[in-house]
Amino acid sequence: MKNAWSFCIFLGLSFFLGTSILAQVPTESWRPAIHFSPKKNWTNDPNGLLFYKGEYHLFFQHNPKGNEWGNMSWGHAKSKDLMHWTELPVAIPNDSAYIFSGCVVWDKSHVSGLGDAKKDLLIAIYTADFPNTRQEQHLAYSNDDGLTWTKYAQNPIININMKDFRDPNIIWHEASQQFIMSVVKPHEFAIQLYGSKDLIHWEILSQFARQGDYGMIWECPSLVELPIEGSKETKWVLFVSSQGSYPGNVGMQYFVGTFDGKQFVNENPKEQVMYVDHGKDFYAAIPFYNGMNSDVFWLGWALNWSYAGDQPTFPWKGQMSTARSLCLVRTQAGLRLKQVFKPDFVSRKPDLTLTNIQVNSSWAFPIPALLENKSYVLELDLGASPSGDFEISLLGEGSVDKFVMGVSAKSTKIWLDRSQSGKMLGAGFGNRMEANWLPDRSRKIQILVDHSIVEILAADGTVAMSALRFPNANAEKLAISSIAGSIKIHTMKVWKLK
Ligand code: FRU
């Protein structure tokens, strides 16, 4: 009996040790090459995005101690080209409060009066989260280009005694000569706007609430002025992370309108819903502060809260999307958001151009070696005359993994099916995603593949779809198959990203 028990304990222990050791195997083949992911441990939202002295700074929600959400602090990375990222020491560690999402402002004129007036001054404004009690807006400042931060002695700078009140994002508003903060009351689906001259004292200006989609809590708002392509005009756009196009999965939406220094007014009916990305892995994006020459660009967290904890990677979990420039375009349906990959990978000479590809039933990409490092942009131009429906598939060895992007050129629809693409995560991960594009847009599709991340920009950048995948196989090939009859692809171009 005694021996039987020892044997059981031994078995149990070996199983436990075996699985925990197995779970620790690094999964570098899933690590994106040009997207930021922390060397180790957890990340969610990008924070404090800033273009400063020729470098892009990315702060991020980070658990410095583990591969799951917790100990929320600000991690820090920077890049000269938005492709190669250098991770720096943790910038703002948690203390009695978790350091939740927020932004960084370059206080060029030292209006805050904080720190050393002879040195450049960065101001971080973020939410201090006292778990289950209160969320307040706090300030920290840095005189060493964001490496180390001093928490402001008189924090909080805004406290309305609410349990959920978070994610401040700030812009400089030239016309009213003040800083404008958007900050959200998640459960009231309300974005509040505050104004300040010195970044310390804030006065409430207005509130925007319950418009568009409020099926899920609102988080991470931002307000920006975007150029309208092909004109000298601009419009104001209010972004919020909330529910996306798939009930139960988070996403982002936007509102287009005017802003007079006090109030944002949506120019569309309040029921109208416009989503930013029709994939499931783009959330909490905020614009970079101090973009040059009205170049507004952002990046988001490439993951979804519904299954984030299941991401099967080690020693990190969570990653950022590529950066994307933002503007508005006039379409037959009204003003729509247009996103363009930044850097503009496709403006350099392609590594391969193929023309007039005829696909009778199936077609295999002819130079697989070009795609073997799994980091490339593929652009398909379907030409002016609509062709039939087809599928572009990324196929693992022996076709064990299948990531499918379907295109219906006639009905101008694009869909994604990752239900057979390797490891499945929970909560709707395997369900099909779909987006329609407006018939007055070009039939060009850009597909950016970077290991576990696929980002699609189609129809002149008015359709975005971002989706993760975790294939079992290392090698893969690209194939196109027509769904009924034959199809023709006018031009295909490929750019390697490494
Ligand atoms: C959004 C969010 C924010 C919050 C942060 C906490 O993903 O929930 O609202 O500040 O993440 O990590």
Side-chain angles (χ1 to χ4, degrees), residues 212-213 224-239 244-245 251-258 266-279 282 294-298 324-342 344-347 355-357 377-392 405-416 433-448 455-466 482-484 487-493:
D213 186 332
V224 281
E225 187 175 14
L226 292 187
I228 301 176
E229 192 177 60
S231 79
K232 290 207 165 56
E233 287 167 66
T234 59
K235 280 275 174 187
W236 286 84
V237 177
L238 186 59
F239 291 104
S245 6
M252 288 189 73
Q253 56 178 325
Y254 66 100
F255 305 93
V256 177
T258 53
N266 181 6
E267 67 174 27
N268 291 310
K270 69 179 181 22
E271 313 60 48
Q272 185 168 328
V273 179
M274 296 190 288
Y275 294 116
V276 164
D277 191 300
H278 295 268
F282 189 81
S294 76
D295 181 11
V296 184
F297 52 100
W298 68 359
R324 304 168 185 179
S325 290
L326 305 177
C327 71
L328 292 168
V329 276
R330 282 193 201 287
T331 71
Q332 57 182 211
L335 287 170
R336 288 292 179 276
L337 181 70
K338 168 177 176 159
Q339 303 187 68
V340 176
F341 291 128
K342 185 179 168 76
D344 187 4
F345 308 104
V346 303
S347 60
T355 50
N356 291 321
I357 304 170
V377 177
L378 188 81
E379 184 182 86
L380 305 184
D381 186 347
L382 308 183
S385 52
S387 140
D389 298 359
F390 63 94
E391 287 181 347
I392 311 160
M405 293 158 275
V407 179
S408 170
K410 280 210 181 75
S411 56
T412 51
K413 191 188 291 178
I414 188 157
W415 68 90
L416 290 184
M433 295 163 243
E434 192 173 288
N436 292 310
W437 80 76
L438 295 161
D440 64 343
R441 300 293 99 197
S442 85
R443 290 190 168 75
K444 251 192 206 168
I445 304 162
Q446 290 176 350
I447 302 167
L448 191 156
E455 288 174 82
I456 298 174
L457 291 180
D460 301 330
T462 56
V463 171
M465 293 182 93
S466 308
S482 67
I483 290 176
I487 57 129
K488 195 151 136 200
I489 291 163
H490 189 262
T491 321
M492 177 188 279
K493 294 180 181 168

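Keep in mind that the numbers below use all heavy atoms, side chains included, and drop hydrogens, waters and symmetry copies.
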Within this structure, what is the [atom1]-[atom2] distance for the pair [X] and [Y], rounded to the nearest 0.5 Å?
| X | Y | atom1 | atom2 | value |
| --- | --- | --- | --- | --- |
| N268 | L335 | CG | CG | 8.0 Å |
| H278 | M465 | NE2 | CE | 7.5 Å |
| K444 | D381 | NZ | CG | 5.5 Å |
| K338 | T462 | NZ | OG1 | 8.5 Å |
| N266 | L238 | CG | CG | 8.5 Å |
| S325 | L226 | OG | CG | 10.5 Å |

Considering residues at least two apart in sequence or located in another chain, which fulfil the side-chain hydrogen bond (donor to acceptor under 3.5 Å, both in side chains) criterion with K342? D295

Identify, with sequence neighbours excluded, every residue that meets side-chain hydrogen bond (donor to acceptor under 3.5 Å, both in side chains) alongside E455. H35, T322, R324

Please report the shortest heavy-atom distance between F345 and L448, naming the atom on each side. CE1-CD1, 3.5 Å

Identify the two heavy atoms, one from P227 and one from T234, that lie closest to each other, and give their separation to 0.1 Å. CA-CG2, 4.0 Å

Would you say that [X] contacts [Y] through its side chain, given a criterion of any heavy-atom pair below 4.5 Å between the two side chains?
| X | Y | answer |
| --- | --- | --- |
| V224 | W298 | no |
| I414 | M405 | no |
| Y254 | L326 | no |
| E391 | W415 | yes |
| S245 | M433 | no |
| D277 | M252 | no |

Could you go through the side-chain contact (heavy atoms from CB on, under 4.5 Å) check for F341 and L457 one step at a time? CA-CA 8 Å; F341 291 128; L457 291 180; 3.7 Å; yes

[X] side chain to [Y] main-chain N or O, any donor-acceptor pair under 3.5 Å?
| X | Y | value |
| --- | --- | --- |
| T412 | W437 | yes |
| Q339 | V276 | yes |
| Q253 | D213 | yes |

Before giving the answer on side-chain contact (heavy atoms from CB on, under 4.5 Å), spell out for L416 and I456 the whole-Å C-alpha distance, their side-chain angles and the decisive distance to 0.1 Å. CA-CA 10 Å; L416 290 184; I456 298 174; 3.6 Å; yes

Test M274 against L337 for side-chain contact (heavy atoms from CB on, under 4.5 Å), laying out the working first. CA-CA 9 Å; M274 296 190 288; L337 181 70; over 6 Å; no

With K235, which of E225, E229, E267 fulfils salt bridge (charged side-chain N to carboxylate O under 4.0 Å, His left out)? E267

Could you pull out all residues at least two apart from L438 that satisfy side chain to side chain contact (heavy atoms under 4.5 Å, CB included)? T331, A333, R336, D440, R441

From I445, I357, T355, residue fulfilling side-chain contact (heavy atoms from CB on, under 4.5 Å) relative to I489: I357

